[in-house]
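Worksheet: the structure to be examined is printed underneath.
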Amino acid sequence: MREQILKAVAAPPKILWAPFLPVLLNIGVQFPFMFASIGTFGVNPLIFVATIAIVHLFIIIWSSKEPHISNMIQGVGQCYHFTHNIYKVKGKKFAP
């Protein structure tokens with residue numbers, strides 16, 4: 001059991017040698033633009049396939065320097081929230 005935990009921490013999940021979440025964000029952003037431009041302007045989809053591949057290569061290079069990009073993106077999403085102050089004060093205070 002200890003090996004499975006260490007393996008999951010040491011080697012995050014990947015899709016074609018790139019971290020899972022940035023690849024899903026890449027596809028999630030580029031596919032709607034691709035389908036909208038194909039339907040609206042009749043653009044050749046090979047242009048978007050090339051850009052998806054180029055961005056995927058960039059993500060692979062980026063992940064070789066920082067393999068836990070997915071965890072960092074998830075951490076930003078969980079920690080980024082606004083605080084609501086009970087008392088009128090200047091600035092942000094962490095009062096429940």
Side-chain angles (χ1 to χ4, degrees):
M1 182 168 157
R2 190 175 250 174
E3 292 177 12
Q4 292 174 349
I5 294 171
L6 293 176
K7 184 178 179 184
V9 171
K14 297 187 176 217
I15 298 175
L16 296 174
W17 306 285
F20 189 72
L21 191 58
V23 170
L24 288 180
L25 290 173
N26 177 28
I27 292 172
V29 168
Q30 291 204 25
F31 269 24
F33 283 118
M34 178 177 71
F35 291 128
S37 62
I38 289 170
T40 306
F41 304 113
V43 177
N44 189 356
L46 289 178
I47 296 169
F48 288 98
V49 172
T51 59
I52 289 171
I54 290 169
V55 173
H56 190 80
L57 289 173
F58 175 72
I59 293 171
I60 291 171
I61 292 168
W62 187 23
S63 69
S64 66
K65 294 179 183 177
E66 183 59 55
H68 296 282
I69 299 169
S70 296
N71 294 336
M72 291 169 43
I73 294 172
Q74 288 174 352
V76 169
Q78 292 172 359
C79 294
Y80 188 69
H81 57 83
F82 296 105
T83 60
H84 300 285
N85 298 337
I86 295 175
Y87 310 109
K88 288 285 187 184
V89 292
K90 190 173 185 178
K92 294 192 183 234
K93 306 289 182 190
F94 291 103

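- Taking hydrophobic clusters as Ile, Leu, Val, Met, Phe, Trp and Tyr residues chained together by side-chain heavy-atom distances below 4.5 Å, Val29 shares a cluster with Phe20.
- Residues Ile52 and Asn26 approach most closely at O-ND2, 3.5 Å, considering heavy atoms.
- Remark: Leu57 engages Ile60 in a side chain to side chain contact (heavy atoms under 4.5 Å, CB included) (not counting sequence neighbours).
- In terms of the side-chain hydrogen bond (donor to acceptor under 3.5 Å, both in side chains) criterion, residue partners of Thr51 (sequence neighbours excluded) are, by chain and number, Gln30.
- Residue Ile27 is grouped with residue Ile15 when hydrophobic side chains (ILVMFWY) are merged at heavy-atom distances under 4.5 angstrom, including chains of intermediate members.
- Of the possible polar contacts, none joining the Ser63 side chain to the Pro19 backbone as a donor-acceptor pair under 3.5 Å is found.
- Within the structure, ring-ring contact (aromatic ring centres under 6.0 Å, His included) contacts touching residues 35-58 (residues at least two apart or in different chains) are Phe31-Phe35.
- No continuous path of hydrophobic side-chain contacts links Val55 to Val49 [ILVMFWY only; heavy atoms under 4.5 Å].
- No side-chain heavy atom of Leu16 sits under 4.5 Å from any side-chain heavy atom of Val23.
- Note that NZ of Lys14 and CD1 of Ile59 are 11.5 Å apart. Values are rounded to the nearest 0.5 Å.
- Looking at heavy atoms from C-beta onward, Leu25 lies in side-chain contact with Ile73 at the 4.5 angstrom threshold.
- One hydrophobic cluster, built from ILVMFWY side chains closer than 4.5 Å, holds both Ile47 and Met34.
- Trp17 and Leu24 fall within the same hydrophobic cluster, where Ile, Leu, Val, Met, Phe, Trp and Tyr residues are linked whenever their side-chain heavy atoms come under 4.5 Å apart, directly or through other members.
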